[in-house]
Protein chains: 2
Amino acid sequence: MELDEAKQRFIQAWGTLGSNWGINRTMAQVHALLLISAEALCADDIMEKLKISRGNANMNIRALIDWGLVFKELKPGERREYFISEKDMWNVVRQIIIHRKKKELEPVLRVLNDVSDIEGDGPDQEAFLDVIKEIQLFASKADKTLDKLVSSDANWLMKTFMKMM
Amino acid sequence: MELDEAKQRFIQAWGTLGSNWGINRTMAQVHALLLISAEALCADDIMEKLKISRGNANMNIRALIDWGLVFKELKPGERREYFISEKDMWNVVRQIIIHRKKKELEPVLRVLNDVSDIEGDGPDQEAFLDVIKEIQLFASKADKTLDKLVSSDANWLMKTFMKMM
DNA sequence: TTATACTTTCAAAAAATTTTGAAAATTAAT
DNA sequence: ATTAATTTTCAAAATTTTTTGAAAGTATAA
């Protein structure tokens, strides 16, 4: 396979993976493109390589910066902004965990807590609370484990992987 | 909060969580409804409680059965099919991991493997291969860890959680 | 066999999400 | 202060995903 074809295939695969996980396909593709670029790229480079509009490029670059997966790189004497991506896979995963945990796991924990406070105490209420309690137990364990995960270093992660395997 | 309101809130939250993670909102809601139902429900019950069409109900029930999260329950003398959900949270998560790993992680591993086989050996090729290799290392570790996870029992999982925390 | 109860399918409609592109805003140089 | 380069915004268009509902399919009972 030619290098350019391989790059294309990787970008497509990363885009599909992203969109299956609720991450905008283009956002994932921009990330993939930057991951395999030796050089920092500017908005026009990204527009051209992915064949997307300026608005689309801009929005997704901002989102990636927001997620801590992409950084601006200012070249001396150059006006336009260039972008590079976080290359360390562990940091990439860590940032994704931080971002999604806050956006999704935490609201669910709040709802579980809210709905635990119900009126009455018949068998229906008991049964409902039992289910909610189990989910709560599981979710808060996951929450704490992810906290530990993101605050740990790559080395710790590797050791954990090893222990698990 | 009234029990019915609490149930509604839980169903909505579960639906939102699902749709943020690439799982059809209605599929997640059907799952939530069955999770908190003491009794098995039939298609009409689900249609009525979630206010969805027959086709939608049917499709999402099938998908949940496919994912191993919901089971048919046949009542003697009754013609229609009733459904119950897997109530053990660890089994729920295990089934989701199995399903999504096969559908998403494995294809990515295949692509990573394919694109590793490129022509030429200049510095561009080397740089590309370095990135791919790191992702591959990470992805295959995740793959193996998930395999271990799904083949382990709830008890083992708890111990692992504890160790991590 | 025929009728009845229920399930499945799928094309079309609706809804949600993503993308475009041109205008507005910003920033820096002259 | 004016111009030029670049970035940002956002309403409209395009695309994708989900939902509907009626028709077709299937199984059971009479």
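Letters go in sequence order (proteins before strands), and every chain restarts at 1.
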[X] has an atom [atom1]; how far is it from atom [atom2] of [N], in whole Å?
| X | N | atom1 | atom2 | value |
| --- | --- | --- | --- | --- |
| B:Asn58 | C:dC6 | CG | C1' | 10 Å |
| B:Gln29 | D:dT18 | CD | P | 13 Å |
| B:Ile52 | C:dT7 | CD1 | P | 14 Å |
| A:Lys51 | C:dT19 | NZ | P | 16 Å |
| A:Asn24 | C:dT20 | CG | P | 11 Å |
| A:Ile46 | D:dT8 | CD1 | C1' | 15 Å |
| B:Leu74 | C:dA5 | CG | P | 19 Å |
| B:Asn60 | C:dT8 | CG | C1' | 14 Å |

Whichever of A:Asn56 and A:Gly77 has its nearest DNA chain C nucleotide further upstream toward 5':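 Closer to the 5' end of DNA chain C: A:Asn56.
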For the CD atom on A:Glu78, are there more than 12 heavy atoms of other groups (residues, nucleotides or ligands in this structure) within a distance under 6.0 Å?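 Enclosed: over 12 neighbouring heavy atoms sit under 6.0 Å from CD of A:Glu78.
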Do other residues, nucleotides or ligands put more than 12 heavy atoms under 6.0 Å from A:Glu48 CD?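 Open: at most 12 neighbouring heavy atoms sit under 6.0 Å from CD of A:Glu48.
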In terms of the nearest nucleotide of DNA chain D, which residue is placed more toward the 5' end: A:Met59 or A:Arg80?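 Its nearest nucleotide being more 5', the pick is A:Arg80.
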For A:Asp44 and B:Ile23, take the nucleotide of DNA chain D holding the closest heavy atom to each; which residue's nucleotide lies nearer the 5' end?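 First, find each residue's nearest nucleotide; the 5'-ward one identifies A:Asp44.
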Looking at C:dT18, I'd like to know if its phosphate oxygens (OP1 or OP2) sit under 4.0 Å from a side-chain N or O belonging to A:Thr26.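 No, A:Thr26 has no side-chain N/O under 4.0 Å of OP1/OP2 on C:dT18.
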Base, sugar-phosphate alone, or nothing: which one does B:Arg79 contact when heavy atoms must sit under 4.0 Å apart?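 Answer is base: heavy atoms of B:Arg79 come under 4.0 Å of a base.
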Is there, by distance only and without an angle test, a donor paired with an acceptor across the side chain of B:Arg54 and the base of C:dT7 below 3.5 Å?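 Flag unset: no donor-acceptor pair detected.
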Aromatic plane relationship, A:Phe128 with B:Phe10 - under 30° parallel, 30 to 60° tilted, over 60° perpendicular: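 Perpendicular, since the angle between the ring planes exceeds 60°.
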Aromatic rings B:Trp67 and B:His99: how do their planes relate, parallel, tilted or perpendicular, breaks at 30° and 60°?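 Plane angle under 30°, so parallel.
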